[in-house]
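The block underneath contains the structure these notes are about, expressed in structure tokens.
Below, chains carry the letters A, B, ... as their sequence lines are ordered, and counting in each starts from 1.
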Number of protein chains: 2
Amino acid sequence: MDTVVQTRRLGLEGSQTRARFIDAAEEVLRDEGLPALTARQVAAKAGLKTQLLYYYFRTMDDLILALVRRVNERRLVRFEAALAAPEPLRALWELNSDPTGAALASELSSIATHREAIRAEIVRSAENFRALQIEAVSRLLVPDGSRSAAGIVMIAVALARMIVSEAALGLTDGHAEALVIVEQMLDRLSTPKQTAP
Amino acid sequence: MDTVVQTRRLGLEGSQTRARFIDAAEEVLRDEGLPALTARQVAAKAGLKTQLLYYYFRTMDDLILALVRRVNERRLVRFEAALAAPEPLRALWELNSDPTGAALASELSSIATHREAIRAEIVRSAENFRALQIEAVSRLLVPDGSRSAAGIVMIAVALARMIVSEAALGLTDGHAEALVIVEQMLDRLSTPKQTAP
DNA sequence: GTCTATACTTCGATAGAC
DNA sequence: GTCTATCGAAGTATAGAC
């Protein structure tokens with residue numbers, strides 16, 4: 001039996017209207033948070049009718065999934081750009097310190113925790129991105145043997161994310177001291193001169 | 001003119017029923033996420049009538065504020081217990097690595113980002129807790145002068161939080177390598193023997 | 001303190017005309 | 001593709017009886 005379960009509605013992929021809904025969803029999620037990510041509020045932000053959203057997305061979960069995929073694609077593009085920068089390690093740090101990306105990542109992580117349908121997609125792309133970053137950092141490090149690129153990536157990503165999200169709340173205690181450590185590390189690791197034996 | 005704006009309802013502070021609502025709110029927030037934190041679902045989890053919630057809390061924001069305060073008080077108690085442990089630095093790391101606390105902290109941080117009324121309370125207690133942790137770590141460190149307790153606290157807290165929240169999603173890439181670094185640090189910092197001059 | 005009853009809004013989603 | 005019209009459930013919150 002052919003599983004043609006989807007009997008009634010349509011939906012197009014390359015549509016510009018569809019993209020407007022995804023844009024609006026991203027904006028709502030970033031600015032108002034997860035409880036505001038509703039069909040009505042997304043449509044209002046897009047300047048379109050609520051019911052039209054259901055022509056392009058079967059359910060709200062489908063819209064969120066489309067948003068997740070677009071966020072991930074954009075992150076990969078920016079990652080490649082960072083690797084091509086004059087100081088790639090510093091560019092990676094700045095990529096991970098982007099406030100817009102951090103706010104979205106935080107909300108998406110919250111979605112992944114509680115929505116089975118979204119979790120797989122988020123985890124899969126997070127694993128992919130983590131592997132790419134570890135590989136890149138491993139190539140960029142001064143090869144002094146004792147350092148684990150994976151550990152450094154974990155610490156840097158975690159620290160960047162926390163600093164950005166706390167700063168958005170107006171909480172900055174300890175940030176300056178942590179950034180001093182990061183700067184020292186970036187200076188040391190980015191300059192491939194010989195260190196003392 | 002006396003501002004006796006609150007004309008109609010009552011509400012008691014030490015009530016046991018009130019505590020049950022807060023318990024239920026914590027459980028709902030941790031297990032189902034922020035969009036599920038509604039009067040109906042909290043009351044259902046508590047096994048009480050929805051309307052009764054409004055006898056104890058004027059609005060949902062009031063309930064969330066009560067939850068925030070209780071989470072903060074409990075965290076301070078656990079912090080004091082960690083300081084009294086045989087290996088305080090390790091106990092602090094484990095406190096920050098508690099999955100229940102991390103899940104709640106993540107959701108509360110999301111609330112703080114988008115709700116003005118809650119933000120102040122969360123930021124205030126986060127600043128207080130950060131200061132206490134930095135002070136404690138500063139006292140516990142081997143005094144080799146070159147280390148910033150504030151920076152170490154930032155890195156440790158950020159790393160613990162990310163590891164726990166990612167592990168809850170089934171994402172563990174890089175965790176083992178990061179934990180090796182933490183263990184090395186804990187071993188080195190917790191043992192107050194003289195290091196090389 | 002707890003209950004019933006209720007007002008009004010917003011939610012996701014669908015049917016069917018144009 | 002976009003529209004009008006609509007459904008039933010769930011949202012916050014209040015009034016008033018017991």
Side-chain angles (χ1 to χ4, degrees), chain A residues 4-25 28-29 31-68 107 110-111 114-118, chain B residues 4-25 27-29 31-67 107 110-111 114-118:
Chain A
V4 190
V5 186
Q6 184 175 345
T7 33
R8 13 210 104 155
R9 323 194 127 270
L10 322 176
L12 289 208
E13 184 70 20
S15 160
Q16 192 175 356
T17 306
R18 192 185 134 103
R20 276 177 65 189
F21 278 120
I22 302 179
D23 285 340
V28 168
L29 184 61
D31 297 344
E32 331 271 342
L34 185 50
L37 192 63
T38 70
R40 280 174 152 88
Q41 298 194 48
V42 167
K45 181 78 82 177
L48 297 166
K49 296 284 177 183
T50 303
Q51 299 91 325
L52 191 54
L53 191 152
Y54 289 97
Y55 172 72
Y56 289 99
F57 306 94
R58 268 181 60 261
T59 64
M60 281 301 292
D61 271 22
D62 279 2
L63 170 60
I64 299 176
L65 267 177
L67 172 57
V68 168
E107 298 290 342
S110 189
I111 296 177
H114 304 293
R115 297 270 270 268
E116 304 276 344
I118 319 280
Chain B
V4 189
V5 186
Q6 182 175 342
T7 33
R8 18 207 102 155
R9 320 196 127 269
L10 324 175
L12 290 208
E13 183 70 19
S15 161
Q16 191 175 354
T17 306
R18 192 185 134 104
R20 276 177 66 189
F21 277 121
I22 302 179
D23 286 340
E27 206 173 334
V28 168
L29 183 61
D31 297 344
E32 331 271 342
L34 184 51
L37 192 64
T38 70
R40 276 176 153 89
Q41 297 195 49
V42 167
K45 182 77 83 179
L48 298 167
K49 296 284 179 185
T50 304
Q51 300 93 322
L52 190 55
L53 191 151
Y54 289 98
Y55 171 72
Y56 290 99
F57 305 94
R58 269 180 59 261
T59 66
M60 281 301 292
D61 271 22
D62 278 2
L63 170 60
I64 298 176
L65 267 178
L67 173 59
E107 298 290 341
S110 188
I111 295 177
H114 303 293
R115 299 269 269 268
E116 304 276 344
I118 319 281

Using side chain to side chain contact (heavy atoms under 4.5 Å, CB included) as the criterion, list what pairs up with A:Ala36, not counting sequence neighbours. A:Val28, A:Glu32, A:Gln41

Please give, in whole Å, the distance from D:dT14 P to B:Asp62 CG? 11 Å

CG of A:Leu53 versus P of D:dG1: gap in Å, rounded? 15 Å

Please confirm whether the shortest side-chain N or O distance from B:Tyr56 to OP1 or OP2 of C:dT2 is below 4.0 Å. yes

Which residues, if any, of residues 31-39 of chain B bring a heavy atom under 4.0 Å of DNA chain D? B:Thr38, B:Ala39

Please report the distance, rounded to the nearest Å, between OH in A:Tyr55 and P in C:dG16. 18 Å

Tell me, please, which residues at least two apart from B:Ala39 pass side chain to side chain contact (heavy atoms under 4.5 Å, CB included). B:Thr50, B:Leu53, B:Tyr54, B:Met60

Interface polar pairs with nucleotides 3-6 of chain D, N/O, under 3.5 angstrom:
unit_1 : atom_1 : unit_2  : atom_2 : d
D:dA5  : N6     : A:Gln51 : NE2    : 2.8

A:Thr38 meets the side chain to side chain donor-acceptor pair (under 3.5 Å) criterion, sequence neighbours left out, with none

Phosphate contact (C:dG1 OP1 or OP2) by B:Gln16 side-chain N/O below 4.0 Å: no

Base, sugar-phosphate alone, or nothing: which one does A:Thr50 contact when heavy atoms must sit under 4.0 Å apart? nothing

May I have the distance from B:Tyr54 (atom OH) to C:dA7 (atom C1'), rounded to whole angstrom? 13 Å

Just the rounded figure in Å: distance from P of D:dT14 to CZ of B:Phe57. 15 Å

Heavy atoms only, 4.0 Å cut-off, all strands: where does A:Thr59 land among base, sugar-phosphate and nothing? sugar-phosphate

Looking at D:dT2, I'd like to know if its phosphate oxygens (OP1 or OP2) sit under 4.0 Å from a side-chain N or O belonging to A:Thr17. yes

Interatomic distance, B:Asp61 CG vs D:dT12 P [rounded to whole Å]: 11 Å

Kindly write out the residues that satisfy side chain to side chain donor-acceptor pair (under 3.5 Å) with A:Asp23, not counting sequence neighbours, or none if the list is empty. A:Arg70

Could you pull out all residues at least two apart from A:Arg115 that satisfy side chain to side chain donor-acceptor pair (under 3.5 Å)? A:Asp61

Once side chain to side chain contact (heavy atoms under 4.5 Å, CB included) is applied, do any residues pair with A:Ala66, and if so which ones, sequence neighbours excluded? A:Arg18, A:Ile22, A:Phe57

Which whole-number value in Å describes the distance from B:Arg20 CZ to C:dT2 C1'? 12 Å

With sequence neighbours left out, the residues meeting side chain to side chain contact (heavy atoms under 4.5 Å, CB included) with A:Leu65 are A:Arg69, A:Ile118, A:Glu121

